[in-house]
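Numbering starts at 1 and runs along the sequence shown. Side chains are part of it too, since the values below use all heavy atoms of this structure and drop only hydrogens, waters and symmetry mates.
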Amino acid sequence: MSASASARPDLTTLRALLQERFPGTTRLDTPAHGVLPSGITALDALLPGGVPRGAASLFSGPPSSGKTGAAFRVMAGLTAAGGEVAFVHRGSLSVAAATWAGVEPRRLLAVHAESDGEALRCADFLLRWQAFHLVVLDWPGRGGHG
């Protein structure tokens with residue numbers, strides 16, 4: 001192990017430092033509504049076992065960093081268990097890629113929005129309607145960071 005690698009704190013040390021500086025912000029307790037396991041062991045280890053139910057979660061990163069793939073994995077687990085999923089996007093959604101990732105297409109509503117405002121209105125409507133177990137807003141964001 002190089003000196004620079006050994007100087008990097010591990011995740012446990014980082015969490016302890018954050019807890020010391022910002023008490024209560026690094027809790028990994030399972031939320032009251034439970035979690036949606038991502039199916040990605042490393043991601044679930046960073047979270048309280050999965051993506052918290054009943055909360056907004058943001059997957060952010062540069063293009064091709066795995067954001068949509070991670071969302072597909074959560075969607076796949078949910079649709080396999082009989083859940084309904086809505087996917088609001090401004091680009092193109094490959095239903096074939098979602099299906100390959102394990103998403104059940106009969107349990108998926110894909111909504112293509114023409115503008116940022118329309119995407120937000122659609123996501124807001126779907127969330128308020130409460131007919132879906134998960135609403136994903138695929139937002140390209142500034143510089144392609146979703």
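What you find for K67 and F59 is that their closest heavy atoms are CD-O, 3.5 Å. Of all heavy-atom pairs spanning V136 and A71, the tightest one is CG1-CB, 4.4 Å. Minimum heavy-atom separation, A101 to A76: O-CB, 3.5 Å. Closest approach of V88 to A119, counting heavy atoms only: CG1-O, 3.7 Å.
How far CG of L120 is from CZ of R90: 9.5 Å, rounded to the nearest 0.5 Å. Taken from CG in L93 to CZ in F72, the straight-line distance is 5.0 Å, to the nearest 0.5 Å. Taking NE2 from H133 and OG1 from T79, the interatomic distance works out to 11.5 Å, rounded to the nearest 0.5 Å. In this structure, E84 CD and L134 CG are separated by 11.5 Å, a value rounded to the nearest 0.5 Å. Distance OG1/T99 to CZ/R106: 11.0 Å, rounded to 0.5 Å.
A chain of hydrophobic side-chain contacts below 4.5 Å, direct or via other Ile, Leu, Val, Met, Phe, Trp or Tyr residues, connects F125 to L127.
A distance-only check finds no donor-acceptor pair linking the side chain of H89 to the backbone of L137 [under 3.5 Å].
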| Please walk me through it: do R107 and V85 pass side-chain contact (heavy atoms from CB on, under 4.5 Å)? | CA-CA 6 Å; R107 299 191 171 280; V85 174; over 6 Å; no

| message | Using side-chain contact (heavy atoms from CB on, under 4.5 Å), reason through L109 and L126 one step at a time and then give a plain yes or no. | response | CA-CA 10 Å; L109 171 68; L126 292 167; 4.2 Å; yes

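Residues I40 and D44 are not in side-chain contact: their nearest non-hydrogen atoms beyond the backbone lie 4.5 Å or more apart. For the pair L47/V35, no side-chain contact is recorded, criterion being any heavy-atom separation below 4.5 Å from C-beta on. Looking at T68 and D138, their side chains come closer than 4.5 Å, going by heavy atoms from C-beta outward.
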